[in-house]
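Shown next, in structure tokens, is the structure this report addresses.
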Amino acid sequence: ASQMLNGVAVGVYHTCSPEEVEWVVGNSESKFVFVGTNPQGGDDSEKMPNTRMDKIMGNLPLIQNAIVLDDSGSMESEIAISWADFLAKGEGVETSEIKDRLNGVEPHDTCALIYTSGTTGVPKGIVRDIGGHIVALKWTMKNIYNIDEGDVWWSASDIGWIVGHSYIVYAPLFKGCTTVLFEGKPVGTPDAGAFWKMISDYKIKSLFTAPTAFRAIKKEDPEGNFFSKYDLSKFESLFLAGERADPDTIKWAENLLKVPVIDHWWQTETSWAISSNCTGIEMMKTKYGSACKAVPGYNVKIIKSDQTLA
């Protein structure tokens with residue numbers, strides 16, 4: 001949709017503080033913001049995105065409209081409009097006009113700005129172009145994750161974060177497989193069997209999530225009692241990234257799932273894996289604590305403090 005408007009999408013992680021959102025929206029010079037109201041059924045109004053946005057709207061003079069995505073909440077800002085009103089603004093636009101805009105899109109045009117977490121400084125906006133992004137993400141779906149057209153793929157993440165942006169939205173779309181968008185947690189929504197139920201119900205072939213999710217499941221259900229309630233016969237692999245995957249958690253998941261559990265390494269700046277066990281090319285033996293070999297396209301070197309190669 002942003003490309004149809006000759007625009008650039010900017011992702012914001014749903015747990016960002018008002019100050020972090022203000023930085024990202026202001027730094028990217030965004031003119032429109034799309035605001036949810038109550039993710040995951042919380043009842044603390046101060047934590048809801050619409051409430052947090054209201055606190056900073058006065059500091060964002062470039063914003064023309066804040067579009068509230070559902071009817072369960074609202075915003076006090078005078079420039080806030082509903083999703084229905086936003087759609088009404090597009091009435092009368094001819095299909096040919098949209099096609100003309102898309103025909104003018106070039107491979108080097110910007111697709112999105114995705115910001116880093118800011119844990120090592122202020123958040124950095126990473127520019128993703130259209131052509132290179134499409135080629136890389138589509139290539140990874142088969143070669144890293146062994147996903148084909150028609151398979152069901154699940155990236156348990158947030159679309160405002162790089163994992164969700166790349167692997168909930170774009171990569172599955174480019175590949176032509178089914179993507180699962182899940183609003184919930186690995187535990188507590190309603191229990192430690194939430195992931196197993198999703199995999200069973202939708203016949204998911206592969207799951208990509210953070211090690212923390214599996215540490216939470218392991219803590220709540222160390223014996224895997226919830227796991228035994230579901231049929232995961234279609235499930236073939238688990239990929240972990242985003243933080244260190246400790247060997248104990250990997251071994252626990254391997255023993256429970258009886259499928260490859262793959263720790264792979266990448267970050268916001270790359271938008272796809274730097275190193276991984278590439279299941280669509282050739283499976284290598286698991287080395288606990290290692291994210292395996294460099295993915296084709298990367299030349300990974302270790303540099304010592306004196307700037308020489310290790």
Is the distance between the ring centroids of Phe208 and His264 under 6.0 Å?
yes
Looking only at the aromatic ring of each residue, does the gap between the centers of Tyr298 and Trp266 stay below 6.0 angstrom?
no
So, taking the atom named [atom1] in [X] and the one named [atom2] in [Y], what distance separates them when rounded to the nearest 0.5 Å?
{"X": "Leu207", "Y": "Leu257", "atom1": "CG", "atom2": "CG", "result": "9.0 Å"}
{"X": "Phe226", "Y": "Glu220", "atom1": "CZ", "atom2": "CD", "result": "8.5 Å"}
{"X": "Ile204", "Y": "Met198", "atom1": "CD1", "atom2": "CE", "result": "5.0 Å"}
{"X": "Ile274", "Y": "Asn299", "atom1": "CD1", "atom2": "CG", "result": "12.5 Å"}
{"X": "Met57", "Y": "Glu78", "atom1": "CE", "atom2": "CD", "result": "10.5 Å"}

Which label fits Phe214 and Trp252: parallel for a plane angle under 30°, tilted from 30 to 60°, or perpendicular past 60°?
perpendicular
Among the clusters formed by ILVMFWY side chains lying less than 4.5 Å apart, do Ile130 and Trp272 turn up in the same one?
yes
Are any of the side-chain nitrogens in Asp151 or Lys175 under 4.0 Å away from the carboxylate oxygens of its partner?
no
Picking from Val169, Ile168, Thr179, what satisfies side chain to side chain contact (heavy atoms under 4.5 Å, CB included) with Ser155?
Ile168
Without hydrogens or angle criteria, can the side chains of Ser276 and Tyr145 be said to hold a donor-acceptor pair below 3.5 Å?
no
Please examine the side chains of Cys278 and Val295, heavy atoms only from C-beta on, and report whether any two atoms are closer than 4.5 Å.
yes
Take Lys124 and Glu269 through the salt bridge (Lys or Arg N to Asp or Glu O under 4.0 Å) test and state the conclusion after the steps.
CA-CA 9 Å; Lys124 302 182 291 294; Glu269 289 86 344; 3.6 Å; yes
Which heavy atom of Ser157 sits nearest to which heavy atom of Val163, and what is that distance?
OG-CB, 3.5 Å
